[in-house]
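What follows is a short report on a single structure.
All residue numbers in this chain count up from 1 along the given sequence. Treat the numbers as computed from the prediction; the structure is a model and nothing was measured.
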Amino acid sequence: MEPGRIWTPDSFVSFEIYDPTGKVAYSLNKEGKEIEDDVDIDTELAVYPGEWRYVISFAYTTNGTDPSDMKIALKYKTVYEDDIKWLVDNKLNKVN
């Protein structure tokens, strides 16, 4: 646990990934003192075309002076040409 962080019993971190049909494809929930442990997850999901969403919810308390942070990252293991084309056609070309 880093100095300055106070993980109260009602602290929590919740992370869900939803597939294009709206079903939960992955979920992580940590509460209270469980948050003190660094969590490095190496999970692979079989993805298919469509829009995937993620939701992050959290609540925790710090001492108000020391910085606190949370890092969450998603990445493609392998990005294929079809993936790039889909992202360009469905996201980049629709940016206002």
Side-chain angles (χ1 to χ4, degrees):
M1 180 166 141
E2 291 182 29
R5 292 191 178 182
I6 304 166
W7 301 103
T8 59
D10 59 344
S11 298
F12 72 91
V13 174
S14 174
F15 178 74
E16 289 89 28
I17 298 175
Y18 295 87
D19 69 16
T21 68
K23 293 181 183 174
V24 175
Y26 177 80
S27 179
L28 170 72
N29 295 290
K30 296 282 183 179
E31 297 178 358
K33 296 288 184 183
E34 293 177 314
I35 303 169
E36 291 179 9
D37 300 326
D38 286 336
V39 179
D40 188 9
I41 301 167
D42 185 12
T43 301
E44 293 182 20
L45 296 177
V47 298
Y48 47 87
E51 185 166 338
W52 291 66
R53 297 181 306 114
Y54 63 91
V55 175
I56 303 167
S57 303
F58 60 91
Y60 63 93
T61 305
T62 68
N63 67 6
T65 55
D66 294 321
S68 57
D69 66 313
M70 185 180 308
K71 297 176 184 174
I72 298 176
L74 301 173
K75 68 177 184 175
Y76 278 104
K77 182 174 181 179
T78 305
V79 180
Y80 297 102
E81 188 63 35
D82 288 346
D83 298 324
I84 295 169
K85 182 176 179 350
W86 187 90
L87 286 168
V88 169
D89 291 346
N90 291 283
K91 294 297 176 187
L92 294 178
N93 288 338
K94 293 185 178 182
V95 174
N96 292 333

Note to self: Could you check whether any side-chain heavy atom of Phe15 comes within less than 4.5 Å of a side-chain heavy atom of Val55, counting everything from C-beta outward?
What the structure shows: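 No; the side chains remain at least 4.5 Å from each other.
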Please list, chain by chain and in numerical order, all residues satisfying side-chain contact (heavy atoms from CB on, under 4.5 Å) with [X], sequence neighbours excluded.
X     : value
Tyr48 : Asp19, Pro20, Thr21, Trp52
Ser14 : Phe12, Glu16, Asn29, Ser57
Asp82 : none

Margin query: When you group the ILVMFWY residues by side-chain heavy-atom contacts below 4.5 Å and let the links chain together, are Leu28 and Val47 in the same group?
Written below: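 Per the 4.5 Å side-chain linkage, Val47 and Leu28 are co-clustered.
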Margin query: For residues Ile56 and Ile17: do they belong to one hydrophobic cluster (side chain heavy atoms under 4.5 Å, members Ile, Leu, Val, Met, Phe, Trp, Tyr)?
Written below: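 Hydrophobic grouping puts Ile56 with Ile17.
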Next item on the list: Can you measure from CH2 (Trp86) to CD (Glu51) and round to the nearest 0.5 angstrom?
Entry: 5.5 Å
